[in-house]
Structure formats: structure tokens, C-alpha cells
Enquirer: 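The structure follows.
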Number of protein chains: 2
Amino acid sequence: MVTFDDTDIKLLKFLQEDSKQTNKALSLKLGLSVTAVFERIKKLEREGVIDGYVAKVNKLRLERNFMVFCHIKLVQHSQDFVVRFEKEVKQLNEVLECYHISGDYDYLLKVIVKDMEAFREFMVKKLTKINHIGSTHSMFVINEVKHETAINL
Amino acid sequence: MVTFDDTDIKLLKFLQEDSKQTNKALSLKLGLSVTAVFERIKKLEREGVIDGYVAKVNKLRLERNFMVFCHIKLVQHSQDFVVRFEKEVKQLNEVLECYHISGDYDYLLKVIVKDMEAFREFMVKKLTKINHIGSTHSMFVINEVKHETAINL
DNA sequence: AGTGAAATTAACTTCGG
DNA sequence: CCGAAGTTAATTTCACT
């Protein structure tokens, strides 16, 4: 098991907020040399703690501002059905997230589309075309109160 | 209204996947010069379409692998209560996402903590300490089937 | 482990056309 | 939008604490 010291945690916090800042800037915030920062980042990348670097885009500006959470129940829970459902749902690009959850429903999906019309299309032509879906229940997002990409470290 | 051409959309797709690739690499993928890529990125940043650049971290490696979705109902829905609830929930670092949703419950929260014990602490000491919460319903994530950070463009 | 400095490479940024 | 030139930062190495 690899361990992380406080400096690693701080470094990850900074990089989760802004990955474009220079190693110089990070070295000042951390009280380390540029070389040390460089080595630590490389180590975190090598160990897979840092999983990559991505641009965040503004959903509103891109007309992908209609978010819906869909609960899904399967008709059966045999290994076979579960595997097939998960495989098919992964291929739907409107589905950004899919979780197998405890409770009344089996799955919770986060779906992002342009508008209600696009959502209807998605439901009718894609989601409900997947076999073995028992029932669905959609919850529309009225307002995004909070959306953090950074894990709380 | 600002518009985006196909090249902008492609560029955003690439940057949502990997923001550390060089403008040179992007220029090859897009069939443009490095300068053109540079100018387009700057334009997208200026216009707020690109919202920032962040490092993705591996939840598993960092012991933040316990995810719970919490439904919350308020006892009242006066402007005052809603505003106060939203303000307080924003300050909880275990809550990565919070949505005001349609349906039986008022809010859906995505909570990430270390383990069940940490979740219990969170519920008892933080979440249910917020006033005006009527009822809650927690759904534990058994398995993360899909988790895309990139918006489907 | 970390530091500072120096050398190298590569990327970013500006500018004239 | 392009290519070239100038600027800056990332990256690597090394001698030393």
C-alpha cells in the first residue's frame, strides 16, 4: 500500500482545482522546490492516483443543460441480464454516469441532453430499447445547487 | 449568441479527454496550424465555454470510495428555508453534488466519504443538523458502472 | 527526500502577412 | 488562418545537504 503525506494531499487539492498552474506556483504554495514538486507529481501519475487532466466545459454554453436522473429496475437479476444491461448503458453517450445502487431500484443514471425533446427521444429510442428493463422513474433537475469535480481530501 | 463550428466541438471533445496534450498534437488531429489551435482555445476560454483545467484523481487510491445518493425532503418550501438549506449544503465538503429535482423528494445529493462509518458521522453530525429537513432516503452505490467527466458533444 | 543551479527540450505566445 | 521568431515553462541532470 502506497501512502501519501500531507504535502501529497495538498498537491492533489491544488491540482484538482487548477491543473494548469506552473510547478513554480505550486512550489511556492507548498514551500518546496520546483524539482520536488515535479517529482511528486510524476510519482502520483505513475501510481495512478492522478488519473489524467481534463478541461471542464460549461454545459449551459453548449446547450447540454437538461439533466435527468433515471431510476431503473430490471425484470430479472441474473448475471446474464445484469452484464448485458450494463454493457448497453455504457454505450449511451447521453448517460454520463451509471450506478448500481441499493434500494427500491437497481440503477441510477445521470443523463444529460439538450432539452426535454431530446430527452423524450433518448427514452423512447434508446433507453427503453434495452431489454429486461422492468420500470423507470425519471427525476428532472430543476436547479444545480452544487457541482464539485474535486474529491474532498 | 456565440456559435461553435465543428472544429470547436472537436477541439472541446479532445480537451475534455486530455487537456495536457500539446497544441501541436491537437493541430495534427484537427488539420490546423498550432497558432489556429491556440487562438481557438483562447477564444473558448474567454467566452467561458472552457471553465478551467483540472486533474482527475482516483477515488479508490485515496480512500474516498464510498458513494451515497441522498434524497432529501424539506418540511417547508418557503423561499427562506430553501435558500438556507442550499447555502448550508454547499458548505459540506462530503457533498460533491446537489440538485433540486422534481418528484417525491426535493433534493438529490451525491455524497462521497471513506466508508460506512464516515457516512454515519456525516449523517448524524452534519446533514441532519441542518434545519427544516423533513426526511431523507439514502441509496448506497454498490458499483460504479460508468462515470464520464466529459459532456457528450 | 529535498535543494539550487545549469542545460536542454518543448511548449506557449506574439506578430507580420 | 499561416509560419517564423521570441518568450516562457517544463524537464532532466547533477553535486550537495
Enquirer: Looking at residues 11-19 of chain B, who's got a heavy atom less than 4.0 Å off DNA chain D?
Expert: none

Enquirer: Hey, could you give me each pair passing salt bridge (Lys or Arg N to Asp or Glu O under 4.0 Å) that has a residue in residues 106-116 of chain A? Not counting sequence neighbours.
Expert: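 Sorted pair list: A/Glu97-A/Lys110, A/Lys110-B/Glu97.
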
Enquirer: Specify the residues of residues 45-58 of chain A, ordered by number, for which at least one heavy atom lies under 4.0 angstrom from an atom of DNA chain D.
Expert: none

Enquirer: Treating B/Arg64 as the side-chain partner and A/Leu153 as the backbone partner, does any N or O pair qualify as donor plus acceptor under 3.5 Å?
Expert: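 No: the side chain of B/Arg64 does not pair with the backbone of A/Leu153.
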
Enquirer: Not counting sequence neighbours, which residues clear side-chain contact (heavy atoms from CB on, under 4.5 Å) with B/Gln76? List them please.
Expert: B/Ser78, B/Phe81

Enquirer: Tabulate below the donor-acceptor pairs under 3.5 Å that side-chain atoms of residues 32-40 of chain B make, not counting sequence neighbours, or state none.
Expert:
from: B/Ser33; atom 1: OG; to: B/Ala36; atom 2: N; distance (Å): 3.1
from: B/Arg40; atom 1: NH1; to: B/Asp5; atom 2: OD1; distance (Å): 3.0
from: B/Arg40; atom 1: NH1; to: B/Asp5; atom 2: OD2; distance (Å): 3.2
from: B/Arg40; atom 1: NH1; to: B/Asp8; atom 2: OD1; distance (Å): 3.0
from: B/Arg40; atom 1: NH2; to: B/Asp5; atom 2: OD2; distance (Å): 3.1

Enquirer: Is there a side-chain contact between B/Asn152 and A/Val95 (heavy atoms, below 4.5 Å)?
Expert: no

Enquirer: Identify, with sequence neighbours excluded, every residue that meets side-chain hydrogen bond (donor to acceptor under 3.5 Å, both in side chains) alongside A/Arg84.
Expert: A/Asp80

Enquirer: Is there a donor-acceptor pair closer than 3.5 Å between any side-chain N or O of A/Ser102 and the backbone N or O of B/Phe140?
Expert: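 Yes; at least one donor-acceptor contact below 3.5 Å.
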
Enquirer: Which residues pass the side-chain hydrogen bond (donor to acceptor under 3.5 Å, both in side chains) test with A/Glu94, sequence neighbours left out?
Expert: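 Applying side-chain hydrogen bond (donor to acceptor under 3.5 Å, both in side chains) to A/Glu94 gives A/Lys126.
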
Enquirer: Expressed as a whole number of angstroms, how long is the span from A/Asp6:CG to C/dA1:P?
Expert: 15 Å

Enquirer: Where along nucleotides 6-17 of chain C does protein come under 4.0 Å, by heavy atom, of base (B) or sugar-phosphate alone (S), with - for untouched nucleotides?
Expert: -----SSSBB--

Enquirer: Return a table of donor-acceptor pairs under 3.5 angstrom between the side chains of residues 47-60 of chain A and protein atoms on other chains or two or more places apart.
Expert:
from: A/Tyr53; atom 1: OH; to: A/Glu45; atom 2: OE2; distance (Å): 2.6
from: A/Asn58; atom 1: OD1; to: A/Leu60; atom 2: N; distance (Å): 2.9
from: A/Asn58; atom 1: OD1; to: A/Arg61; atom 2: N; distance (Å): 3.2
from: A/Lys59; atom 1: NZ; to: A/Glu144; atom 2: OE1; distance (Å): 3.2

Enquirer: Going 5' to 3' on DNA chain D, which nucleotide is the first and which the last to come under 4.0 Å of a heavy atom in chain A?
Expert: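 Taking any atom under 4.0 Å from a heavy atom of chain A, the span is D/dA9 to D/dT12.
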
Enquirer: Would you mind listing every salt bridge (Lys or Arg N to Asp or Glu O under 4.0 Å) that reaches into residues 10-29 of chain A, with sequence neighbours excluded?
Expert: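 Qualifying pairs: none.
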
Enquirer: Which pairs with one or both residues in residues 84-105 of chain A pass ring pair (Phe, Tyr, Trp, His ring centres under 6.0 Å), sequence neighbours excluded?
Expert: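 Applying ring pair (Phe, Tyr, Trp, His ring centres under 6.0 Å) to every pair that reaches into residues 84-105 of chain A, excluding sequence neighbours, yields A/His71-A/Tyr105, A/Phe85-A/Tyr107, A/Tyr99-B/Phe69, A/His100-A/Tyr107.
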
Enquirer: Going from SG on A/Cys98 to CD1 on A/Ile72, what distance comes out if it is rounded to the nearest 0.5 angstrom?
Expert: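 A/Cys98 SG to A/Ile72 CD1: 7.0 Å, rounded to 0.5 Å.
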
